[in-house]
Novice: 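Take a look at this one; I'll ask things after.
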There are 2 protein chains.
Amino acid sequence: MTDLPPLRPATRIVDAVHESLREGILSGVLPPGQPLSVPELARRLNVSRSPIREAVLQLVSDGLAVEQPRRGVVVATIELNDVLEIHEIREFVEALSARLCAERIDADGVAELRSIIARQEKCVAKDNAAGYFQTNAAFHEAIGRFSRNSRLHDILISLEGQMRIGLQRVSSEGEQRRRGVLEHAQIVNAIEKRDGDRAERLMREHIAKTRKRLAEQIRKARGEVAA
Amino acid sequence: MTDLPPLRPATRIVDAVHESLREGILSGVLPPGQPLSVPELARRLNVSRSPIREAVLQLVSDGLAVEQPRRGVVVATIELNDVLEIHEIREFVEALSARLCAERIDADGVAELRSIIARQEKCVAKDNAAGYFQTNAAFHEAIGRFSRNSRLHDILISLEGQMRIGLQRVSSEGEQRRRGVLEHAQIVNAIEKRDGDRAERLMREHIAKTRKRLAEQIRKARGEVAA
DNA sequence: CCCCTTCATGTTACATGTAATATCATTATT
DNA sequence: AATAATGATATTACATGTAACATGAAGGGG
């Protein structure tokens, strides 16, 4: 008999709860600082406390919530500071991701990247900020996937999740988005040519721009407080 | 009254169990593939199953164990492949760590790094391989700490833990260790001079050497299998 | 001899019970 | 009025119960 695809394991409640809470946090329904009370979530989701507790602890491991022992878990608050920390790391791990991607991607992968960029260009043309962010995330996720390093992929996903909590604090102008999509296109060109050095350098510079804007924003905010 | 440091929270059983299992895995008492049966560990450690289950799931999040839904958790097996994956990432995140360290360390920090190197030199002189690995880990951990980026520090610790499981698969000769400690000294020199560019480049090259050795080892192992 | 069924055993996943503890509104005290 | 003591309420951390499920050995049929 020809091999059937393996059955997906019966969805466990804990996974469903984790997914639901994660969505709630990333969409803003559960805002930063919101307590994640195990008994209350159990009542609300109509399951027992065990899978809730496990899911909540998962979120802590994901960096999407923080635990104060004996005082419970709350949705993580991601300050500008944290977003800067995250971009310091992204500057390097996304650069690695781009390099590995250039070495390991296939033609289908390149096509997928080009299609994401096409969607993103439409968002820029229509001045659709939300769509831009979404396709931006898809672009970086795809590059992480094609770099064929599962731990690297996990790190990128973890940073992306935390970033989304803090993202409302970061402004972006249409002109920046216009340049962003151009940079993406250049990165894909380098990847297609298998030029790992260039893909790495372009990606690093791409992220560094945002990092520097963040550092500047923080410097200004600090200045206002000090003054 | 002057502020006393906050009391450490009464040690929770779950934390004690997590620590104990982590030590067991890193020391090799719990070898790769070893099942982590919740009821059995509960009997052995004389506590109920709840804190055991939480601790075991923590280990999964740490990358030190792997879960097969409905089939339990076993200690992670770190193949040469995985060690290579980890070094691909370390090449970049350790380079970042060295750069940030150069920008942010203080005089006490530099003194600590020099003292670690001094200990490491003794290990090399006495051909003490275990001591070399331990001081090596201490060196990279300290640099991670002085880079003052908590998420970066967490990533480095996570990779280090997984590496230690797989480390027995990696050989190291006295000559390599001799060069390693020299490279460490050069990195600290760059850090002391606040030369972030140079610290980053030296660290990247330092890790890349190990990465390339690993890739070579894997290529040879594959060749033998194919032949 | 190989394959399938059956059954015994042990585990996971979830549910629920409860003591110790944290929080907070209210009252009592200076 | 500000601070401290009190008590009501809710939560965490841990313990324990149990149905569904996985595993592996023993037995039966091809």
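Here the structure is a predicted model, which is why all the values come from computation and not from measurement. Lettering of chains follows the sequences in order, A, B, ..., and the numbering in each one begins at 1.
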Novice: Within this structure, what is the CG-to-C1' distance between B:Leu41 and C:dT11, rounded to whole angstrom?
Specialist: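 After rounding, the reported distance stands at 12 Å.
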Novice: Can you list the residues that meet the side chain to side chain donor-acceptor pair (under 3.5 Å) rule with A:Ser61, with sequence neighbours excluded?
Specialist: B:Ser61
Novice: Parallel, tilted or perpendicular, judged at 30° and 60°: which one describes the rings of B:His184 and B:Phe139?
Specialist: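 Parallel: the ring planes of B:His184 and B:Phe139 meet at under 30°.
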Novice: Salt bridge (Lys or Arg N to Asp or Glu O under 4.0 Å) with B:Arg148: which residues, sequence neighbours excluded?
Specialist: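 Expected list: none.
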Novice: B:Arg53: which residues meet the side chain to side chain donor-acceptor pair (under 3.5 Å) condition with it, sequence neighbours left out?
Specialist: A:Glu54
Novice: What string of B, S and - do you get for nucleotides 11-17 of chain D, 5' to 3', if B is base contact, S is sugar-phosphate-only contact and - is no contact with any protein heavy atom under 4.0 Å?
Specialist: SBBSBBB
Novice: Test of understanding: with side chain to side chain donor-acceptor pair (under 3.5 Å), list the residues that count as partners of A:Lys212, not counting sequence neighbours.
Specialist: none
Novice: For the pair B:His206 and B:Glu94, evaluate side-chain hydrogen bond (donor to acceptor under 3.5 Å, both in side chains) and give the outcome as yes or no after the intermediate values.
Specialist: CA-CA 10 Å; B:His206 176 61; B:Glu94 294 270 6; over 6 Å; no
Novice: Can you tell which of A:Arg219, A:Lys220, A:Arg213 makes a side chain to side chain donor-acceptor pair (under 3.5 Å) with A:Glu216?
Specialist: A:Arg219
Novice: Describe, as an angle rounded to 10 degrees, how the axis at the first end of the helix from C:dC1-D:dG30 to C:dT30-D:dA1 is tilted relative to the axis at the last end, five pairs per end.
Specialist: 20°
Novice: Calculate the interatomic distance between B:Ile52 atom CD1 and C:dG10 atom P; express it in whole Å.
Specialist: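 These atoms are roughly 18 Å apart.
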Novice: Regarding B:Asp154 and B:Arg151, does a basic nitrogen lie under 4.0 Å from an acidic carboxylate oxygen?
Specialist: no
Novice: Distance check needed: C:dA13 P versus A:Leu57 CG, whole Å only.
Specialist: 15 Å
